[in-house]
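What you see below is based on every heavy atom in this structure, not just the backbone, and it leaves out hydrogens, waters and symmetry mates. Since the structure is predicted, the reported quantities are computational estimates derived from the model, not experimental observations.
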Amino acid sequence: MRFVASSTALLSHLQAVSRVINSKNTMAILDSFLFQIEGTVLKITASDLETTMITSMDIADVEGEGSVAVTAKLLLDTLREFSEQPLTFDIDDENLAMVIYSDNGQYNFIGQNGDDYPRLPMMPESTSKMTLNIATLNDSIQSTFFATGDDELRPVMNGIFFDITPEKMTVVATDAHKLVRFQNEEARGDSAYSFILAKKAANMLRNVLPKESGEVLIRFDDKNICFTLPTYTLYARQIEGRYPNYSAVIPMNNPYKVIVDRILLLNAVKRVSVFSNQGTSLIKLHIENDQIVISAQDIDFSISAEETIRCQYEGEPLSIGFKSSFLIDIINNLASESIVLELSDPSRAGIFLPFEQSEGENILMLLMPMLLNN
């Protein structure tokens, strides 16, 4: 087999799929990329058995067809050092010795039999499917990803929950402290179905979706999910289990509403949080008379900070405490000049909303409070 590929184009495709490969694998061949030559197209696959990503690119001067597995780290480290130039790959079909010819030299690799690479999951024709705008899928994952959990005892919360009905698509992530609910009325299914997308697979999509445009085909059965994009295809094992009833934890009647400039609040919280207790990271918001007083203290080190910012608020004085790092995460991920904070009681969750929502979309973020001593 023989073909010519652009060094920078090949590196870009390899880097995109290389994030699938684990640092330690149960099978040695999973440390490699699978190269498959089909006509004038090179198909590149990376897998860890749970998640598999495939990308395709055009190649030139092709001789022969077939497959070979190539050590990922060695190939990536080599390609990173090339400036843009055509590289010629010459692969011996019998012993799988591979030589890369550049403008100034040659580099020798030993490949492995591509037939030994794990096969893709079999998905029957009867699988559920839906077509979705890539930008909508990207928005849903980018908005919710930061709220996924890392608790090995509750694996269902370590992914993103897709709840699809004929009326709308709801995407949810929560770690039991914070929760994000993204809804889009234009993304609908033929019937009601749901799945939990693992965090690693979601992160893979988060990296490639901004590069793509058009539509994505989503297919899923009771075990696997497949996302087919113009340039990439991702297979992911579903997280098994029942997702928590997210609607039950969202307080519906919140009489106190605060409207505040997002950047103003974010910067103030960041400054004051430096002075919060290192163990609790507690930060206090006292809301009264169109002002938010943000304060924190660490008694152990005799340090404290307080800052006052303007807001729009009509109601009784109210104080509530939040973990500063979670609060910063929430404010950072709300894409709006101003945000709305809805509150009902210092012991109940705070609801954060963008002041202006995109048409057909609804984003809600929830943060559980921390107990205040005074």
* To do: Determine which pairs satisfy side chain to side chain donor-acceptor pair (under 3.5 Å) with at least one residue from residues 134-145, sequence neighbours left out, and list them in order.
  => Asn138-Gln142

* ring pair (Phe, Tyr, Trp, His ring centres under 6.0 Å) against His177, all qualifying residues, sequence neighbours excluded -> Phe326

* To do: Could you list all the salt bridge (charged side-chain N to carboxylate O under 4.0 Å, His left out) pairs where at least one residue sits in residues 169-180, not counting sequence neighbours?
  => Asp175-Lys178

* Asked: Where the side chain of Asn158 meets the backbone of Asp151, is there a donor-acceptor pair that is under 3.5 Å apart?
  -> yes

* **N/O donor-acceptor pair under 3.5 Å between Glu84 side chain and Ser6 backbone** => no

* What residue pairs, at least two apart or across chains, pass side chain to side chain donor-acceptor pair (under 3.5 Å) with a residue in residues 59-74? -> Lys73-Asp77

What donor-acceptor contacts under 3.5 angstrom involve side-chain atoms of residues 103-112, with partners at least two apart or in another chain?
| residue | atom | partner | partner atom | Å |
| --- | --- | --- | --- | --- |
| Gln112 | NE2 | Ser32 | OG | 3.4 |

* Structure fact -> The reported gap from CD1 in Ile239 to CZ in Arg237 (rounded to nearest 0.5 angstrom) is 11.5 Å

* To do: Under the side-chain contact (heavy atoms from CB on, under 4.5 Å) rule, collect the residues that match up with Pro166, sequence neighbours excluded.
  => none

* Go through the steps to decide whether Tyr232 and Ile54 satisfy the test side-chain contact (heavy atoms from CB on, under 4.5 Å), and finish with yes or no. => CA-CA 6 Å; Tyr232 299 92; Ile54 306 163; over 6 Å; no

* Asked: How far does CD1 of Ile351 sit from CG of Asn254, to the nearest 0.5 angstrom?
  -> 6.0 Å

* To do: Just jot down the side-chain contact (heavy atoms from CB on, under 4.5 Å) partners of Ala349, sequence neighbours excluded, or say none.
  => Pro251, Leu366, Met368

* Asked: Distance-only, no hydrogens or angles: does the Asn22 side chain make a donor-acceptor pair with backbone N or O of Asn25 under 3.5 Å?
  -> no

* **Donor-acceptor under 3.5 Å (Ser7 side chain, Ser83 main chain)** => yes

* Val99: which other cluster members, linking ILVMFWY side chains closer than 4.5 Å, directly or transitively? -> Tyr101

* Does Arg19 have any side-chain contact (heavy atoms from CB on, under 4.5 Å) partners at least two apart in sequence or in another chain, and if so, which? -> Met204, Asn207

* Would you mind listing every salt bridge (charged side-chain N to carboxylate O under 4.0 Å, His left out) that reaches into residues 255-278, with sequence neighbours excluded? => Arg271-Glu307

* **Fellow cluster residues of Tyr117, listed by chain then number, with links counted only when side-chain atoms sit under 4.5 Å apart** => Met27, Ile29, Leu30, Leu34, Leu49

* Structure fact -> Correct closest heavy-atom pair for Arg181 and Asn362 would be NH2-OD1, 3.3 Å

* Asked: Do Asp163 and Tyr243 meet the criterion of a side-chain donor-acceptor pair at a distance under 3.5 Å?
  -> no

* Asked: Sequence neighbours excluded, which residues qualify as side-chain contact (heavy atoms from CB on, under 4.5 Å) partners of Ser128?
  -> Tyr193, Phe220

* Approximate separation, where rounding is to 0.5 Å, of Thr8 OG1 and Arg80 CZ -> 14.5 Å

